[in-house]
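Computed from heavy atoms alone, side chains included, the values below leave out hydrogens, waters and symmetry copies. Every value quoted in this text rests on a predicted model; they were computed, and no experiment measured them. When a residue number appears, it is its place in the shown sequence, counting from 1.
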Amino acid sequence: MVNIKEDSKLNILNHSCAHLLAQAVKHLYPNAKFWVGPVIDDGFYYDIDLEGKSLTLDDLPQIEKEMKKIAKDGKRIVREELTREEALEKFKNDPYKIDLINNMEKDSTISCYTQGDFTDLCRGPHVESVKFLKYFKLLKVSGAYWKNDSKNPMLQRIYGVCFETQEQLDDYLNFLEEAKKRDHKKLGRELGLFMMSEYGPGFPFFLHNGMILRNELENFWYQEHIKEGYEFIKTPLMLNKDLWELSGHWYNYRENMYTSEIDDKVFAIKPMNCPGGMLVYKNSLHSYKDLPLRVGELGQVHRHEASGALNGLFRVRTFTQDDAHLYMREDQIEEEIIRLINFIDRMYKVFNLTYDIELSTRPSEKYIGDIAIWDKSEKALEDACKRAGHTCKINPGDGAFYGPKLDFHIKDSLGRVWQCGTIQLDMNLPERFDLTYIDKDGSKKRPVMLHRVIYGSIERFIGILIEHYAGAFPLWLAPVQVNIIPVNSEYHSEYANKVKECLRNNNVRVELDDRNEKLGYRMRESQTKKIPYTLIIGENEKENKVISYRKYRKTDTMTISLEEFIELIKKEIETKSILNR
């Protein structure tokens, strides 16, 4: 999937189309005022003040019709540069534009763009004429507070997308339809994976099938980390405010933390696992021979997210990070990062996920530590990435407040990009917590620490996998791996139950559907539930002690012995095959 924001042609096209949208809205709603209309990864939006009127999807066709009329008229788009005084005079009746002008740097260039009867404050660039804006679609509308502040007026945010050709637009709209079918919230309900409740906004409930999926992911995580020589810990959910002040979270992250009082002292529910992990490190003495020390924790954290940002499993208020903290000597940094990159690569390949790596550097403000240490850390990450055989794109200013990081952006089966794994190099928090190890000469030295996740958040990773696989999980992850359907329950249930018992004894997750429904209906329902294997047990199977199976999405039926079938699926489970989903 193309990233419109990063494609220079589509970026200009979509930004120009945002102005076309604004002009059409102004024609239809003369009192409308406009805040900003930026390009985003998947198109554009414009925030509009309609004096309290709320738009719905039913209003969008009329706006589109007016946009097409304007585009057909073919007016040129003309840029004009203004002095600050001229800009303030031109937009004196528009409080939103006045606010933008007043917040610009004093020496910045101020420009506006005019197309026909519509002028908007904008730095550009734009296409030459509205006639180039033919192939667009308005997608949705929602409310958005001005400046994202609930104390401010509610604006109408209209989303759209624009392409160079009708074919490109059609392809994108087809992609959106496919993405809608894969919506993890919809599939989560249908497949019995998770639920949400009004009693806990942003706090997901995992159901029986979802817990099977979750446990498989966690078991896989533990198995692979044992191979890599990790130790495992569990740290408390709440810790004293003093700890969060020491770590820096209280000053840099306080607005996202939940707090409570215990024995007249302030405690905070952890938003991150790191400070607890460092207390574990300090609990015992460490020698240079112990390093690198790799410590993993599936730690549940809580972070306050705005209610409007909550989105299924993708944006929640509590989640489990597959955290690990690695402590090492400075001379071990590069080798350890290379090893980590290779480890993450191996994990992602199991799910058939490709990825790109991004190096996020020091934030312009709200960071701790010396700039020299930041520069050194950033270079270490970049060098290790190159030595591991990867390139990394620089993302300036997006590092954590305590150190730079490598972010892993995975790509799913629809080409969508998700940020999951991260490796954060931290030379600052070991200093704050006075972490030490005993070196060869008996002196105390400061270890370097890596923070890292692979799934990122287990909840979010599950959401990504639901959409990546469209709910049709590989056999090893599928909550129900085999569904047995006797053709006639009266005659075939006894043998079907024996098959079920044998599969269960071989650790296969199996169900038996012996309802008094037609065979075709039960077969279709098995497909709807996306169960990898459906067994049909009829007279031939009963007499010859065999089974007939059909794979998900296949129409042909295979007949083999039960022993052969068990061997087949056990191998597929063991190898975590993704070829047959």
Side-chain angles (χ1 to χ4, degrees), residues 182 184 187 191 193 206 209-230 232 294 296-298 313-314 319-324 326 337-357 385 388-390 406-423 452-482 507-509 530-533 551-553 568-581:
R182 293 168 178 257
H184 78 285
L187 289 173
L191 301 177
L193 300 174
F206 277 86
N209 284 347
M211 281 306 299
I212 293 172
L213 174 59
R214 185 186 181 111
N215 287 338
E216 286 293 336
L217 286 171
E218 291 188 4
N219 289 340
F220 173 58
W221 186 88
Y222 277 116
Q223 290 161 8
E224 293 302 309
H225 282 72
I226 288 169
K227 292 176 188 175
E228 290 289 318
Y230 280 72
F232 304 105
R294 308 180 186 103
E297 176 181 15
L298 293 180
L313 297 179
F314 289 158
F319 53 94
T320 300
Q321 285 189 304
D322 63 316
D323 250 321
L326 290 74
I337 294 171
I338 292 169
R339 178 171 181 154
L340 255 181
I341 292 171
N342 292 333
F343 181 24
I344 293 172
D345 179 78
R346 188 173 81 242
M347 291 276 284
Y348 286 165
K349 278 179 178 173
V350 170
F351 303 99
N352 198 27
L353 293 166
T354 58
Y355 61 89
D356 293 310
I357 303 176
C385 194
H390 297 272
L406 292 176
D407 288 327
F408 290 71
H409 296 268
I410 62 175
K411 189 176 288 186
D412 70 11
S413 56
L414 288 185
R416 296 171 300 179
V417 175
W418 311 87
Q419 198 273 303
C420 287
T422 187
I423 301 173
R452 57 108 280 212
V453 292
I454 299 177
Y455 294 150
S457 149
I458 288 181
E459 288 76 5
R460 185 166 177 269
F461 196 73
I462 287 173
I464 292 168
L465 290 184
I466 292 170
E467 299 201 0
H468 177 55
Y469 295 128
F473 300 106
L475 187 64
W476 72 280
L477 279 176
V480 179
Q481 296 168 321
V482 177
N507 298 316
V508 176
R509 297 189 287 272
K530 306 178 188 290
I531 298 172
Y533 285 92
K551 292 170 123 179
Y552 176 67
R553 290 200 185 106
L568 180 152
I569 62 171
K570 283 178 78 172
K571 184 176 180 181
E572 188 176 334
I573 292 168
E574 184 181 340
T575 58
K576 295 182 170 54
S577 171
I578 56 174
L579 301 176
N580 299 316
R581 50 178 191 84

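The side chain to side chain donor-acceptor pair (under 3.5 Å) search around K571 returns none, not counting sequence neighbours. Considering only residues two or more places apart in sequence or on other chains, R182 meets the side-chain contact (heavy atoms from CB on, under 4.5 Å) condition with E178, S413, L414, E467, A470. Listed by chain and number, the residues in a salt bridge (Lys or Arg N to Asp or Glu O under 4.0 Å) with D345 are K349 (sequence neighbours excluded). Not counting sequence neighbours, the partners of E218 by the side chain to side chain donor-acceptor pair (under 3.5 Å) test are R214. For Y230, the side chain to side chain donor-acceptor pair (under 3.5 Å) test picks out R452, with sequence neighbours left out.
Judged by distance alone, the side chain of R416 and the main-chain N or O of I464 form no donor-acceptor pair under 3.5 Å. A donor-acceptor distance shorter than 3.5 angstrom exists from the side chain of D322 to the backbone of I454, with no hydrogens or angles considered. Of the possible polar contacts, none joining the H409 side chain to the I357 backbone as a donor-acceptor pair under 3.5 Å is found.
Looking at L193 and I466, their side chains come closer than 4.5 Å, going by heavy atoms from C-beta outward. Looking only at side-chain heavy atoms (C-beta outward), K530 and L187 come within less than 4.5 Å of each other. Y533 places a side-chain heavy atom less than 4.5 Å from the side chain of E572. Using a 4.5 Å heavy-atom threshold, the side chains of I344 and I423 count as touching. Taking the side chain as every heavy atom from C-beta outward, I569 and Q481 never approach each other to under 4.5 Å. At least one side-chain heavy atom of F461 sits less than 4.5 Å from a side-chain heavy atom of I410. For the pair F343/K227, no side-chain contact is recorded, criterion being any heavy-atom separation below 4.5 Å from C-beta on. In this structure, the side chains of L298 and I458 come closer than 4.5 Å at one or more pairs of heavy atoms.
The two atoms that bring I338 and A388 nearest to each other are CG2-CB, 4.2 Å, heavy atoms only. Considering every non-hydrogen atom in both Y348 and C420, the closest pair reads OH-CB, 3.6 Å. The minimum heavy-atom distance linking I341 with C385 is given by the pair CD1-CA, 3.8 Å. For V350 against Y469, the heavy-atom pair with the smallest separation is O-OH, 4.4 Å. The two residues F473 and L213 make their nearest non-hydrogen contact at CZ-CD2, 3.7 Å. Shortest non-hydrogen contact noted between G421 and Q419 is O-NE2, 2.9 Å.
The salt bridge (charged side-chain N to carboxylate O under 4.0 Å, His left out) pairs that include a residue from residues 470-481 number zero, where partners must be two or more places apart or lie in different chains.
Ring-plane geometry between F351 and Y455 is classed as perpendicular, the angle between the planes exceeding 60 degrees on a 0 to 90 degree scale with a lower cut at 30.
Under a 4.0 Å N-O distance rule, the pair E216/R509 qualifies as a salt bridge. By the 4.0 Å N-to-carboxylate-O rule, R294 lies too far from E228 to be salt-bridged with it.
Here the straight-line distance linking atom NZ of K570 with atom CG of N507 works out to 7.5 Å at 0.5 Å rounding. To the nearest 0.5 Å, atom CD1 of residue I462 and atom CZ of residue R460 are 13.0 Å apart.
Taking the centre of each ring, H225 and F220 stay at or above the 6.0 Å mark. Here the two rings, on F232 and Y222, have centers that are under 6.0 Å apart.
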Let me see the working for F408 and H390 under ring-ring contact (aromatic ring centres under 6.0 Å, His included), right down to the final yes or no. CA-CA 11 Å; F408 290 71; H390 297 272; 7.6 Å; no
